[in-house]
Amino acid sequence: MRARLRPGLLLRPLDLAGTGLFALQGGLTAAAAGLDVFGVLVISFVTAVGGGIVRDVLLGDTPPAVFRDLAYPVTAVAGGAVVVLSYGLVRDVPRELLLPLDAAALGLFAVVGAAKAVDHGMSPLLAALLGAMTGVGGGVMRDVLLGGVPLILRSDVYAVAALAGAAVTAVGLRYGGPRVLMLAAGFAVCVVIRLLALRQGWNLPRVAG
Amino acid sequence: MRARLRPGLLLRPLDLAGTGLFALQGGLTAAAAGLDVFGVLVISFVTAVGGGIVRDVLLGDTPPAVFRDLAYPVTAVAGGAVVVLSYGLVRDVPRELLLPLDAAALGLFAVVGAAKAVDHGMSPLLAALLGAMTGVGGGVMRDVLLGGVPLILRSDVYAVAALAGAAVTAVGLRYGGPRVLMLAAGFAVCVVIRLLALRQGWNLPRVAG
Amino acid sequence: MRARLRPGLLLRPLDLAGTGLFALQGGLTAAAAGLDVFGVLVISFVTAVGGGIVRDVLLGDTPPAVFRDLAYPVTAVAGGAVVVLSYGLVRDVPRELLLPLDAAALGLFAVVGAAKAVDHGMSPLLAALLGAMTGVGGGVMRDVLLGGVPLILRSDVYAVAALAGAAVTAVGLRYGGPRVLMLAAGFAVCVVIRLLALRQGWNLPRVAG
């Protein structure tokens with residue numbers, strides 16, 4: 001019999017890595033939108049922790065992790081602070097590096113959210129849904145706060161990638177797949193779909209002619 | 001002594017009917033706003049389940065029903081898929097049919113939300129408030145995500161109808177009225193107010209001259 | 001040994017005072033935005049209770065206080081009704097009076113939110129964060145519903161003041177400071193920072209040149 005890893009053991013460092021990446025990316029968007037120092041910190045914070053808060057509130061696991069573990073807010077604020085302190089440098093980081101990093105954060109959040117949902121006894125398909133919401137939640141809040149229509153509603157393959165990766169992890173874990181492998185597989189699926197979509201310019205058709 | 005129906009027994013099919021109707025209506029709005037296939041599915045999903053999620057999170061009944069019972073997401077996605085697959089047909093459904101269907105979904109969500117709140121021991125007035133929020137919550141999320149001011153803030157008799165119907169059900173149940181009758185009465189009150197308001201063009205005055 | 005006050009004993013009247021002030025202020029904003037009678041009531045309600053709902057949902061203390069205690073919705077609706085019934089008078093209340101009242105409501109919500117978080121065992125820094133979110137949450141919802149970028153993202157010293165006040169209360173309570181004094185100190189810090197910022201026209205620099 002294989003011993004089962006403690007649920008949080010692997011999830012926390014991955015969650016923190018995604019938190020930092022999303023904070024950086026949210027801060028860049030906010031700075032480009034003309035916000036001041038505090039506004040940039042707020043938006044980077046919301047982008048970084050919004051998805052996890054949604055996940056934990058929907059799971060009934062309150063207070064959300066971000067309010068129980070100082071490492072989350074510290075990481076989120078640190079990501080925002082990097083943008084504030086060296087915007088000139090961060091702004092010039094090429095898209096070719098930023099977009100894969102964002103895809104990685106999306107994948108991390110999606111598979112971690114899905115795994116946590118499975119740990120809470122949710123069925124795989126619903127866990128995949130919650131994982132996808134974990135992945136895109138922070139970005140949706142960011143876009144709503146900045147007054148725009150969320151990007152995920154315009155650039156479809158973003159949320160689809162999160163959903164696909166989360167589904168792989170959720171189904172795999174549910175049917176007894178090894179934890180590390182199922183997390184890695186879901187992550188890879190999400191990142192590959194997202195990067196392929198970016199490179200190939202994939203887009204779905206509009207519904208209304 | 002009259003036997004009390006199991007709380008969920010009647011609520012679930014009604015909840016599912018409202019879910020499908022709201023998904024259809026949310027999908028139509030999203031398609032008309034120019035979203036692509038996935039965006040239409042997301043908005044129809046949010047419109048359909050947003051109110052119920054708000055209800056369950058506020059009641060502390062987590063994970064929300066939509067994450068415990070596959071029938072909800074399946075119904076919501078099915079409603080969106082109908083729009084995607086046959087937008088040309090659905091678009092031509094006359095307003096005279098769509099608006100009553102939307103009023104019916106509003107009424108269903110409002111009375112089901114109010115009944116669930118009473119089942120959780122909430123006082124009738126607060127249960128009415130929660131019922132109204134269940135009814136309008138999905139539409140508010142839809143409008144915020146599409147970048148606009150929620151319709152309920154402009155067309156007042158929508159939320160007022162939900163509040164009135166929810167109040168009838170909540171007060172009736174609290175004072176021992178028969179469950180089916182109280183649900184039906186609240187539903188009828190909501191639908192009648194909403195349809196009268198539409199037919200008569202009722203509007204409340206602005207506050208600022 | 002000093003007897004500890006019952007947590008809710010002092011918090012409730014303060015919470016209610018803040019609720020009424022925010023309802024008034026939210027109603028004024030909504031009326032100025034051209035909403036009708038019902039829209040003004042909804043926005044004043046959301047502004048007044050939004051922060052407390054966020055606080056209680058994140059603490060897992062559901063249903064939120066506003067759904068357990070009729071005094072909250074009654075106070076919130078009363079604040080909105082004052083605006084509806086006598087907008088001409090309320091509109092002419094000078095900014096010199098309204099802004100300090102708003103600063104007071106912000107301070108009340110921030111310190112009450114922080115104290116409740118400490119009561120729930122949250123660490124001081126995280127309790128400060130939750131207190132600040134309690135203070136600004138209603139206003140953020142108001143601005144998002146009215147279709148704009150939340151004011152706190154533009155006028156930075158608003159949320160900073162809430163955060164500072166909440167931090168004073170949270171740290172003080174955590175290290176055994178007397179409850180009333182710590183609430184008063186945090187409140188004073190928030191209000192003084194906010195009013196100084198208004199008087200001096202403090203603003204933080206933008207990040208992007």
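Predicted model, so just to flag it, every value in this text is computed and none were measured. Below, chain A is the first sequence line, B the second, and so on; all start at residue 1.
Per-residue heavy-atom pair counts under 4.5 Å with chain A were compared for B/Val42, B/Leu70, B/Val66, B/Val144, and the maximum is reached by B/Leu70. Chain B forms more heavy-atom pairs under 4.5 Å with one residue of A/Val140, A/Leu125, A/Leu130 than with any other, namely A/Leu130. Between chain A and the options B/Gly148, B/Gly147, B/Pro63, B/Gly27, the largest number of non-hydrogen pairs under 4.5 Å is found for B/Pro63.
The parts of B/Val37 that come within reach of chain A are both its backbone and its side chain, each placing non-hydrogen atoms under 4.5 angstrom from that chain. In this structure, the portion of B/Val40 lying under 4.5 Å from any heavy atom of chain A is its side chain and not its backbone. Using a 4.5 Å cut-off between heavy atoms, A/Met133 touches chain B through its side chain atoms alone. With a 4.5 angstrom heavy-atom cutoff, B/Pro64 touches chain A via backbone and side-chain atoms both. Looking at B/Phe45, only its side chain comes within 4.5 Å of chain A, counting heavy atoms on both sides.
The backbone N or O of A/Leu41 lies less than 3.5 Å from a partner atom in the side chain of A/Ser44, making a donor-acceptor pair. With hydrogens and angles disregarded, a donor-acceptor distance shorter than 3.5 Å links the side chain of A/Asp56 to the backbone of A/Ala65. B/Asp143 places a side-chain N or O within donor-acceptor distance of the main-chain N or O of B/Leu151, the cut-off being under 3.5 Å.
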Checklist entry - Checking salt bridge (charged side-chain N to carboxylate O under 4.0 Å, His left out) for the pair A/Arg12/A/Asp69: CA distance, chi angles, key distance, verdict? => result CA-CA 10 Å; A/Arg12 187 167 173 275; A/Asp69 183 346; 2.5 Å; yes

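Using a 4.0 Å cut-off between a side-chain N of Lys or Arg and a carboxylate O of Asp or Glu, A/Asp61 and A/Arg68 qualify as a salt bridge.
Residue pairs meeting the ring-ring contact (aromatic ring centres under 6.0 Å, His included) criterion with at least one member in residues 103-153 of chain B, sequence neighbours excluded: B/Phe22-B/Phe109.
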